[in-house]
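This report refers to the structure that appears directly beneath it.
Just so it is clear, the model here is predicted, and its values are computed rather than measured. Throughout, a chain's letter reflects where its sequence line sits, starting with A, and its residues are numbered from 1.
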There are 2 protein chains.
Amino acid sequence: MGKADFSPIADTTRRAEIVALLRRAILTGQLEPGQKLNELRISEQMRVSRAPLREAMRELVQEGILTSIPYAGTFVIDVTAKDIDDAYSLNKVLDEFAIERTWPLRNQRFFDELDRRHETVKQATRNRDTTRQIETALQLHGLIYEWADNSVLLETWQRLTSRLQMYFALHQQARKEAVPAADIHEIYVSLLKGTDMRAAQRHAREHIDLDFEELLSYARGLEQRPSKGA
Amino acid sequence: MGKADFSPIADTTRRAEIVALLRRAILTGQLEPGQKLNELRISEQMRVSRAPLREAMRELVQEGILTSIPYAGTFVIDVTAKDIDDAYSLNKVLDEFAIERTWPLRNQRFFDELDRRHETVKQATRNRDTTRQIETALQLHGLIYEWADNSVLLETWQRLTSRLQMYFALHQQARKEAVPAADIHEIYVSLLKGTDMRAAQRHAREHIDLDFEELLSYARGLEQRPSKGA
DNA sequence: CCTTGTCAGATTGTCGACAATCTGCTTGTC
DNA sequence: GACAAGCAGATTGTCGACAATCTGACAAGG
């Protein structure tokens, strides 16, 4: 059959590209929490007018990684230990739900995709590319959300992901050492392939606990850190 | 003491007002699902330029009640039975979590607020104001989210609320009869005041089931309904 | 010394006009 | 008559300029 699956072509608006650029800058920590985004300066740097830039910023405000105060400016969100803890506890609940929904829908394509993403994480780990390591680990984790066949759940996860990626990036940036080379995802993947759903859910919970443990103690340390301005 | 608590003053930007206007129009069903929003026409009607209107629309796109296709237009989201079912099942999980978190934080102020909102619903019911009835019922329901002391959870709920309100409004609009005068929230409120958390969670689940039951059958009926254009 | 009024500079919010893109119709060709 | 090319209208995307608002400094007054 000549039936090819074409994915939708890329958004060719400046707005979409600006959103991607800004998001990346925030999630990798290039833009620090609390920092103000000067519209004129950024628009000149990007060789773009302020209109699409402002529209892009509105999107990121709604996405939850920017915050806007009328006539004062738009800022990268501040990260508090409470924020991380909130995201963390919600994540646990959502994980359990996502696994429950994904469970009966697992098939060979799911397992293949699981392996593929796992491999991508391992590769990033080998390359000592911490930023990409965070990104790919979240993508591995996100598979259960993509597979759960619930659009609202997926959206919720994607919003959460933005923040988590930002938190982890900040954490990594703070302690300059490389992340553990040991593969902490091995068990997670194998449990998702297994037959005991409860076990998978339980592990996901503990798995998350592990990841967040350090993150939280780190965040509690920098509490009341002054926001850096431009 | 002359120490007054001042809440932040209202956003006085056109953008914010436009967002409120558009959201209301969508959530009350004035703008139908699938309908296209003509920027020029709306901006002229509101006596506003397209810039703030477009920024407002970006916000609502991210809020999930509008969808944008580059160079084609921005449309009110289409409502499918699956969407409602997805929102419904996630809502159940979130409710359980919200109740769990709110439970130890309940105090007199909580109970008072609960009664206040309950009273507001009853008043809207007496006045046969169905739109307000939906709105107030969701606000009553939202108290456990506001009280749970988890900002991420609250945000998630607020996004979900937008859709739910839209769904219920559509439903109401379809079947023109008035909503049941019987007070279905009575038990919910009393259980939240009680001592059996599990019972409250269980009831919330069933309570939601009741509300959604009709909504779902209605939505399944209008599946493949053609989207109405401008 | 502290408070209040004023002002200049910088930044955000809004506007009207232009450019890019899509849609549907018309036209020409076979 | 079927079909592709191309044109005109409408709509969205982007731009540069102007208006509204905030911030901080400075001066006047108590």
Next on the checklist: I need a per-nucleotide contact map over nucleotides 5-18 of chain C, read 5' to 3'. Cutoff is protein heavy atoms under 4.0 Å; write B for the base, S for backbone only, - otherwise.
Outcome noted: ------SBBBB-B-
Next on the checklist: So, using side chain to side chain donor-acceptor pair (under 3.5 Å) as the criterion, who are the partners of B:Asp86 when residues are at least two apart?
Outcome noted: A:Ser151, B:Lys82
Checklist entry - With sequence neighbours left out, which residue pairs that include part of residues 137-146 of chain B fulfil the salt bridge (Lys or Arg N to Asp or Glu O under 4.0 Å) condition? => result B:Arg117-B:Glu146
Checklist outcome for this item: Contacts of A:Arg106 meeting side chain to side chain donor-acceptor pair (under 3.5 Å) (sequence neighbours excluded), chain-then-number -> none
Next on the checklist: Which residues pass the salt bridge (Lys or Arg N to Asp or Glu O under 4.0 Å) test with A:Arg47, not counting sequence neighbours?
Outcome noted: none
Checklist entry - How would you list, by chain and number, every residue that makes a salt bridge (Lys or Arg N to Asp or Glu O under 4.0 Å) with A:Glu63, sequence neighbours excluded? => result A:Arg23
